[in-house]
Amino acid sequence: MFVLELSFKGGCREVGRSGLLVNGEILLDYGIKAGDIPEYPRDGMEPKAVLVSHGHLDHCGAVPNLMYLSPEVFMTPPTAEFTSLLGRDTLKLAETTLSGVSPFDPDDLQKLTQRTRRKDYGETFKTYGHSVCFYNAGHIPGASGIRIESESGESLFYTGDLNLQETRLVPGAEEFPEADTLVLESTYFGEDHIPRKETEKRFIESVNETLDRGGTALIPAFAIGRTQEVLMLLDAYGIRAYVDGMGRDVYKILKKYPEYLRSPGLLDRAFDRATQVKDHQRDSVLGEPAVIVTTAGMLNGGPVLYYLSRLYKDPKSKVLLTGYQVEGTNGRLALEHRMIETRGDVLTLKPSVEQYDFSAHCGDQELKQLVKDFCKKGTERVFVMHGEKTEAFAEWILEEIGVEAYAPANGESFTF
């Protein structure tokens, strides 16, 4: 028997946060929703074990809050290091954001490191009467789909965030095992991605056009995954870039885990050819047309705000967004209204703002095919989470495949 319960304020019908409690004991992910004032999970979760699918803030960011419970914690090695890195950054940002409240303290981070057990793909382990195994989910280095099997033989597969297509940084997701129950992300249900090569071509053309007219191509990028991929793309086209922010620290972590990468040599080459920027060097970088890849990917904090404060009056420059922009972030504000908020000021942007789909998630057709493949192998029910159209996806599954499907809301509990 499995009992599933949602773990978030407002449910999981939005992009930006994930969390699922299994049998009252095992928590799958525990994240933070980005924004000017970050949103944290609801109180009352008391898991005995935590399984973290990958090292993005919306899946791992709140795990340190649980350390007073002393749970068992399991992650792949890269995910463990990313979670620690993001935890330190969260504490740093809490000192400068509107909330001013630290969600946890350094002792919690230290305890998390001590309690985390690192598991590689394909390594089966036990926790509280359940067998667990991580599978490569694509998405970012170390990202995992998680299979859980109870002592009585019932099985559940949780995809986390996944990508079936390889990127310059990581291979695509591996073939997943069968499971009685599927818990699936749905970020891009109803929307297929533009072919990656087309996106890359338009992106490179825009960068070169910006440089040709004497402007700076400012490329905000998520520190984990996107910064490294963008630098590899620029390097492949012979474009020298500056790199600033947390993405540099992530690269140092990735160098320790080449087995989680598609082409470690090309990643090394991209960083060797890029110029890494220290805090005191930023003004000199802006002295001539340049390409700058920097955090944060949604323009909330990080060095990107410094660069924007210097470039916002320059119509020759561009801001090239490389990922989804969550509602309530500066990135969404810039995209929709050509303005950002920083330290109480509102800056109107004269540089053009462009968005490119470098998503590391499955598109609509891949999501649908994935569900069909699971159901052909015996999956009896599907739970759709982590997206804006979960109810529509669940309806599609029921009507097109004839399998029970649910779009769970906060506090709902399912027993099967």
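Hydrogens, waters and symmetry mates are skipped; everything else that's a heavy atom, side chains included, is used.
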Hey, is Lys48 close enough to Glu25 for a salt bridge, meaning N to O under 4.0 Å?
yes
Please tell me if the side chains of Val371 and Phe393 come closer than 4.5 Å, counting only heavy atoms from C-beta onward.
yes
When you compare the side chains of Arg88 and Ser84, does any donor N or O come within less than 3.5 Å of an acceptor on the partner?
yes
Under 3.5 Å, is there a donor-acceptor pair between the Thr329 and Asn300 side chains?
no
With distance as the sole criterion, is a donor-acceptor pair present between the side chains of Asp244 and Tyr306 under 3.5 Å?
no
Tell me yes or no: between the side chains of Tyr406 and Glu404, is some donor less than 3.5 Å from an acceptor?
yes
Could you tell me whether Arg117 and Glu72 make a salt bridge, using a distance below 4.0 angstrom between a side-chain N and a carboxylate O?
yes
Quick test of your reading of the model: are Glu229 and Arg196 salt-bridged, counting only N-O distances below 4.0 Å?
yes
Would the His139 and His56 ring centres measure less than 6.0 Å apart?
yes
Partner of Tyr121 under ring-ring contact (aromatic ring centres under 6.0 Å, His included), picked from Phe134, Tyr135, Tyr260, is Tyr260
Any chance the side chains of Lys119 and Thr124 put a donor and an acceptor closer than 3.5 Å?
no
Within the structure provided, determine whether Met385 and Ser186 are in side-chain contact (heavy-atom separation under 4.5 Å).
no
Establish, from distance only, whether the side-chain atoms of Arg332 and Tyr324 form a donor-acceptor pair under 3.5 Å.
yes
Euclidean distance, Asn330 CG relative to Met298 CE, rounded to 0.5 Å:
11.5 Å
Polar side chain donor-acceptor pair, Thr181 to Glu380, under 3.5 angstrom:
no
Would you call Asp364 and Lys368 a salt bridge, taking side-chain N to carboxylate O under 4.0 Å as the test?
yes
So does Lys201 pair up with Glu205, basic N to acidic O under 4.0 Å?
yes
Tell me whether the rings of Phe374 and Phe176 are parallel (<30°), tilted (30 to 60°) or perpendicular (>60°).
tilted
Atom CD of Gln114 with >12 non-hydrogen neighbours under 6.0 angstrom:
yes
Do the charged groups of Glu81 and Lys256 touch, with an N to O distance under 4.0 Å?
yes
Are a donor atom and an acceptor atom from the side chains of Gln325 and Glu336 found within less than 3.5 Å of each other?
no
Report yes or no: do Glu149 and His130 form a side-chain donor-acceptor pair below 3.5 Å?
no
Taking C-beta and beyond as the side chain, do Leu85 and Val250 meet within less than 4.5 Å on heavy atoms?
yes
Check the angle between the aromatic planes of Phe358 and Tyr356 and answer parallel, tilted or perpendicular using the 30° and 60° thresholds.
tilted
I'd like to know if Lys318 and Glu209 make a salt bridge, using a cut-off of under 4.0 Å between side-chain N and carboxylate O.
yes
